[in-house]
Amino acid sequence: MGGRFEKVLGVILCLASLTLRGHDEKVGEGLAQGGNFLSVVTLLSEFDTITNDAISLPKYATRYMSPKIQNGLILTTSQLLRKSLVTEINECPFWSIVLDTTSDINRVDQLSVTARWVKVQNENVTIKETFLGFISVTDGTAAGLVETTCKYVEDIGLDMEKLRGQAYDGASVMSGVHNGVQKLIKDRSSKPVPFIHCAAHNLNLVINDAVNSVVDNDNFFLFNPFTYFTHRP
């Protein structure tokens, strides 16, 4: 492979916050075009013989640059990173969980799982927070979300017995004191797992109410330039 995997992985990590694929991708015979990934590969090939040799190979040759290879490297890297994070979290005496749902481009609900923990090293105390992954939600009830969350936490190796806190938004399915997610997780635990209304969601509610109280904001956002210019005398 002559270091090709390292080059490809380096480009993927460089473009971590951007899309990799393009609409019309072509690789071979000294050409690599279509999308951010292949654009960076082309630039890299001008200064790196390994990359230049790879894109100069004939059609159907093994270059390790296909979308399947890209996705495989991304998946493997994410699994290794998550395993390292889980190991660090499990070394701590306790941790807390933050959950939220969002819809993807296909309108499928995705549950985001975030962990917070305190790392104590010598006399240094650090509060750490990390995103662990998305889970597709098929059952949006409180019981369904709890089952989905607990299975995911168990699958990645986190110790639920060390869970000491939970934070969600104010929706009844999450924060309900009788049948919400926070209550059901408390019932599952033999230790106290207090619930705190997510500070980010609280801040969002405050800002939303503050903006709505200013009349000029309504006039600004309701202003339609097309209507204004087509109906003016």
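Note: hydrogens, waters and symmetry copies are ignored here, and every other heavy atom, side chains too, is used.
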Notebook entry, point to check: If you measure from CD1 on I207 to CG on N202, what distance do you get to the nearest 0.5 Å?
Noted result: 11.0 Å
Check: Does the side chain of Q166 come within less than 4.5 Å of I196's, by heavy atoms?
Finding: no
Notebook entry, point to check: Under the side chain to side chain donor-acceptor pair (under 3.5 Å) test, which residues partner K186, sequence neighbours left out?
Noted result: Q182
Item checked: Closest contact, heavy atoms only, L73 versus T77 -> O-OG1, 2.7 Å
Next item on the list: Hydrophobic side-chain clustering at under 4.5 Å (ILVMFWY, transitive links): who's grouped with F47? Put none if nobody.
Entry: L43
Checklist line | Cluster overlap L184 with V113, hydrophobic side-chain contacts below 4.5 Å | finding: yes
Notebook entry, point to check: How far does CD of Q110 sit from OG1 of T102, to the nearest 0.5 angstrom?
Noted result: 8.5 Å
Check: Is the closest side-chain heavy-atom distance between E6 and I50 below 4.5 Å?
Finding: no
Check: With the 4.5 Å side-chain cut-off for hydrophobic clustering, are V98 and I156 part of the same group?
Finding: no
Next item on the list: To the nearest 0.5 angstrom, please state how far the CE atom of M65 sits from the NZ atom of K7.
Entry: 10.5 Å
Note to self: Taking CG in L205 as the centre, count heavy atoms belonging to other residues, nucleotides or ligands within less than 6.0 Å. Is the count above 12?
What the structure shows: yes
Note to self: salt bridge (charged side-chain N to carboxylate O under 4.0 Å, His left out), that's the test. Do K119 and E91 meet it? Break it down for me.
What the structure shows: CA-CA 9 Å; K119 183 176 182 179; E91 289 175 351; over 6 Å; no
Next item on the list: Can you see which heavy atom on V193 is nearest to which on S189, and at what distance?
Entry: CG2-OG, 3.4 Å
Next item on the list: With sequence neighbours left out, write down each residue that passes side chain to side chain donor-acceptor pair (under 3.5 Å) with E123, or none if nothing qualifies.
Entry: none
Check: Tell me the salt bridge (Lys or Arg N to Asp or Glu O under 4.0 Å) pairs involving residues 188-197, sequence neighbours left out?
Finding: E147-R188
Item checked: Atom of D169, atom of M174 and distance for their closest heavy-atom approach -> OD1-CG, 3.5 Å
Check: Which other residues belong to the hydrophobic cluster containing F134, where Ile, Leu, Val, Met, Phe, Trp and Tyr are joined when side-chain heavy atoms lie under 4.5 Å apart, directly or via other members?
Finding: F131
Notebook entry, point to check: Can you name the side chain to side chain donor-acceptor pair (under 3.5 Å) partners of S103, sequence neighbours left out?
Noted result: D109
Check: Which residue pairs satisfy the ring pair (Phe, Tyr, Trp, His ring centres under 6.0 Å) criterion with at least one member in residues 94-118, sequence neighbours excluded?
Finding: none
Could you list the donor-acceptor pairs under 3.5 angstrom formed between side-chain atoms of residues 137-145 and any protein atom two or more places apart in sequence or on another chain?
residue: D139; atom: OD1; partner: T141; partner atom: N; Å: 3.1
residue: D139; atom: OD1; partner: T141; partner atom: OG1; Å: 2.8
residue: D139; atom: OD2; partner: T141; partner atom: OG1; Å: 3.4
residue: T141; atom: OG1; partner: G144; partner atom: N; Å: 3.1

Next item on the list: Hey, could you give me each pair passing ring pair (Phe, Tyr, Trp, His ring centres under 6.0 Å) that has a residue in residues 141-190? Not counting sequence neighbours.
Entry: Y168-F195
Margin query: Would you say that more than 12 heavy atoms from the other residues, nucleotides or ligands in this model lie under 6.0 Å from the CD of E154, or not?
Written below: no
Margin query: Quick check: do L132 and L158 have side-chain heavy atoms less than 4.5 Å from each other?
Written below: yes
Check: To the nearest 0.5 Å, how far apart are CD in Q79 and NZ in K83?
Finding: 10.0 Å
Next item on the list: Locate the shortest heavy-atom distance separating L44 from T51; write the atom from each residue and the value.
Entry: CD2-OG1, 3.6 Å
Notebook entry, point to check: How close do S175 and G170 get, heavy atom to heavy atom, and via which atoms?
Noted result: OG-O, 3.1 Å
Check: Is it true that a side-chain atom of D159 and a backbone atom of E161 form a donor plus acceptor pair closer than 3.5 Å?
Finding: yes
Item checked: Hydrophobic cluster (4.5 angstrom, side-chain heavy atoms) - remaining members for V125 -> V118, V120, I127
Next item on the list: Only counting residues at least two apart or in another chain, list the ones meeting salt bridge (Lys or Arg N to Asp or Glu O under 4.0 Å) with D209.
Entry: none
Check: Are L81 and L85 side-chain neighbours, meaning at least one heavy-atom pair lies under 4.5 Å?
Finding: yes
Checklist line | Heavy-atom side-chain contact between V153 and C150 under 4.5 Å | finding: no
Next item on the list: Check I97 against L163 and note the closest heavy-atom contact, atom names and distance.
Entry: N-CD1, 3.8 Å
Checklist line | With T114 via side chain to side chain donor-acceptor pair (under 3.5 Å) - residues at least two apart | finding: none
Item checked: Student check: side-chain heavy atoms of L20 and N36 closer than 4.5 Å -> no
